[in-house]
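First the structure, in the form of structure tokens, and then the observations on it.
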Amino acid sequence: MRIHIIVGARPNFVKVAPLMRVLRQTSVFEPVLIHTGQHYDANMSGIFFEQLGIEEPTYSFEIGSGSHSEQTAAIMVAYENLCKSDKPDLTIVVGDVNSTMAVSIAAKKLGIKIAHLEAGLRSFDREMPEEINRILTDSIADILWTPSADGSEHLLREGHDEKDISLVGNIMIDTMVYMRGAIEKLSVRKDLGIENTKYGIVTLHRPSNVDNRSKITKICEALITASQDIDLVFPIHPRTRQKLKEFGLFAELENSSILLLEPQGYGEFMNLVFGSFMAITDSGGIQEEATFLKIPCLTLRDNTERPITITAGSNRLISEDELLDAIQATLDLKKEEITVPPLWDGQTAQRVVADLRKRFEV
Ligand code: UD1
């Protein structure tokens, strides 16, 4: 079976790495990797391929940045053209980025079957671009692989047939389990001189935070105040860097004691997370990674498509006004109070491939 596997943006790379590895171990599946180019900087894309041992994509669209419609449309046209010469038996999309949705629509209209890995997550916030991507992708996907029971429940409620849904677990955790030894060996913390420092790791990139002048200003103020008592390490996403400069906030951050870094590779970033006592983020993946590592996580959002990270005891949703107090409160949270959800065990790719074999009888 010829299977197209689509990647576009940073979190996708982490999700396809284990899947490619397990598919390659079989003789019945022929995975063909396609990179839309939604993310293109070396430290947002290339370094992930190197570190995660992902092969070079067979096809690269090099779409780059643009408005949502520009990006989506360009990916749809590029994928439709590719499918004229290279028709797959199945297209696998992962996560919730624009590339996920764009390829799904193009494939479905060509009559190609789609499988969505990380299906069923819902924030119920339709102002969030990823929520639109999730709803649209799931609504036309033929196979829905969910990371947690809530995902399967949402899909059933939306009218999907039970036979199309398989609960497979969290694919991102596969990568962490596989890479754990290598991550621990890296000298990132030592090189930054924070080996013996108690610090929080910060990431921000969501438009609802970083494109909103008032919110990002309040977040920066809270982080700068907190950094007088607590060390903070902040790798800055390119979108965030641009916005901080545009709003005149960057210089103040640079003059504070917060350690500002460029976007990090997967290994380097996880090494920093491993050594942290708390995460402050608006990322979806980091909420999950912190939960798995039993690290308290403060999420600067009104909602999450990953509520399981809250019930697990790791994650707490907070507003920019609550940030400072929440950081203080987190100092007392005990790791023993956090549980790891079922099927977040490093075996998700195996379950996906077993499910494929069953469905296609190969
Ligand atoms: C995208 C995803 C988001 C995911 C995030 C991870 C969508 C709608 N959003 O958001 O779900 O959590 O990736 O990072 O698909 N840029 C660069 N270099 C790059 C990539 C981006 O400079 O390699 C800058 C560009 O100015 C670009 C901006 O960042 O316009 C935003 O990039 P984009 O891919 O549109 O969205 P992200 O914010 O990265």
Side-chain angles (χ1 to χ4, degrees), residues 6-16 35-50 52 57 60-76 78-79 93-105 116-119 121-123 125-138 171-172 175 202-212 215-216 234-247 250 261-266 269-270 279 281-290 299-301 303-306 309:
I6 314 299
V7 289
R10 191 166 61 173
N12 293 165
F13 311 137
V14 185
K15 291 169 193 169
V16 301
H35 188 352
T36 65
Q38 177 175 345
H39 283 176
Y40 44 87
D41 285 352
N43 58 8
M44 296 293 286
S45 176
I47 191 168
F48 285 77
F49 280 74
E50 277 165 43
L52 300 173
S60 295
F61 298 157
E62 296 177 16
I63 294 302
S65 300
S67 72
H68 283 262
S69 294
E70 282 165 348
Q71 217 171 44
T72 304
I75 295 167
M76 284 179 69
Y79 191 60
V93 294
V94 298
D96 55 16
V97 302
N98 285 346
S99 303
T100 312
M101 173 195 65
V103 163
S104 301
I105 297 173
H116 183 205
L117 178 52
E118 201 184 87
L121 297 185
R122 296 289 178 270
S123 66
D125 173 3
R126 291 193 176 198
E127 282 180 23
M128 192 181 176
E130 293 80 3
E131 183 74 352
I132 306 302
N133 294 342
R134 291 181 203 116
I135 293 169
L136 292 178
T137 302
D138 285 342
I171 192 79
M172 220 164 192
T175 297
V202 182
T203 82
L204 294 167
H205 75 283
R206 242 162 246 295
S208 56
N209 283 324
V210 305
D211 294 6
N212 179 319
K215 266 197 188 181
I216 191 67
F234 183 8
I236 306 184
H237 186 288
R239 168 195 281 279
T240 310
R241 183 176 291 267
Q242 263 173 30
K243 288 291 168 186
L244 289 170
K245 288 192 171 156
E246 189 184 316
F247 297 146
F250 196 74
L261 302 175
E262 289 296 317
Q264 299 291 297
Y266 177 77
F269 181 70
M270 288 318 307
T281 192
D282 57 12
S283 147
I286 295 165
Q287 294 170 47
E288 297 179 329
E289 288 160 337
T299 299
L300 279 155
R301 284 175 48 187
N303 47 59
T304 176
E305 60 290 339
R306 291 155 164 99
T309 57

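Note that ligands are numbered from 1 as they come in the structure, with each ligand's atoms numbered from 1 the same way. In this text the structure is predicted, and so the values were computed from the model without any measurement.
- Every residue meeting the side chain to side chain contact (heavy atoms under 4.5 Å, CB included) condition with P129, not counting sequence neighbours, appears here in chain and number order: H68.
- For atom 26 (O) of ligand 1, the closest non-hydrogen atom of the protein is Q242 NE2, 2.9 Å.
- Of all heavy-atom pairs between V93 and S104, the closest is CG2-OG, 3.6 Å.
- Ranking the protein heavy atoms by distance from atom 11 (O) of ligand 1 puts E130 OE2, 2.5 Å first.
- Considering each of K243, Q38, R10, the one bringing a non-hydrogen atom nearest atom 7 (C) of ligand 1 is Q38.
- Between Y79 and the choices T36, I105, V103, the side chain to side chain contact (heavy atoms under 4.5 Å, CB included) rule is met once, by V103.
- For the atom pair CG of L204 and OG1 of T281, the computed distance is 6.5 Å after rounding to the nearest 0.5 Å.
- Listed by atom number, the atoms of ligand 1 under 4.0 Å from R206 heavy atoms are 12 (O).
- Of all protein heavy atoms, the one closest to atom 6 (C) of ligand 1 is P11 CD, 3.5 Å.
- Between E289 and S283, every side-chain heavy-atom pair lies at or beyond the 4.5 Å cut-off.
- For ligand 1, the atoms sitting less than 4.0 Å from at least one non-hydrogen atom of S65 are 25 (C), 27 (C), 30 (O), numbered in the order shown with element in parentheses.
- L121 contributes atom CG, which lies 8.0 Å from atom NE2 of H116 (distance to the nearest 0.5 angstrom).
- Taking every heavy atom of Q71 and a limit of under 4.0 angstrom, the matching atoms of ligand 1 come to 34 (O), 35 (O).
- Inclusion of H205 in the set of residues having an N or O under 3.5 Å from an N or O of ligand 1 is warranted.
- Geometrically, ligand 1 and D41 share a nitrogen or oxygen pair separated by less than 3.5 Å.
- Residue E127 places its CD atom among 12 or fewer non-hydrogen atoms of other residues, nucleotides or ligands, all under 6.0 Å distant.
- Considering only non-hydrogen protein atoms, atom 39 (O) of ligand 1 sits nearest to H39 NE2, 2.7 Å.
- The closest protein non-hydrogen atom to atom 16 (N) of ligand 1 is Y40 OH, 3.6 Å.
- The side-chain heavy atoms of F269 and P263, taken from C-beta on, include no pair separated by under 4.5 Å.
- In this structure, S45 has no heavy atom closer than 4.0 Å to ligand 1.
- The protein heavy-atom contact nearest to atom 24 (C) of ligand 1 is P238 CB, 3.9 Å.
- The distance between the ring centers of H39 and F48 does not fall below 6.0 angstrom.
- Residue-ligand proximity, H68 to ligand 1, at heavy-atom distances under 4.0 Å covers atoms 8 (C).
- Going from atom NE2 of H237 over to atom CG of D41 covers 9.0 Å, rounded to the nearest 0.5 Å.
- Protein heavy atom in closest approach to atom 8 (C) of ligand 1: N98 OD1, 3.2 Å.
- Among protein heavy atoms, atom 38 (O) of ligand 1 sits closest to R239 NE, 2.7 Å.
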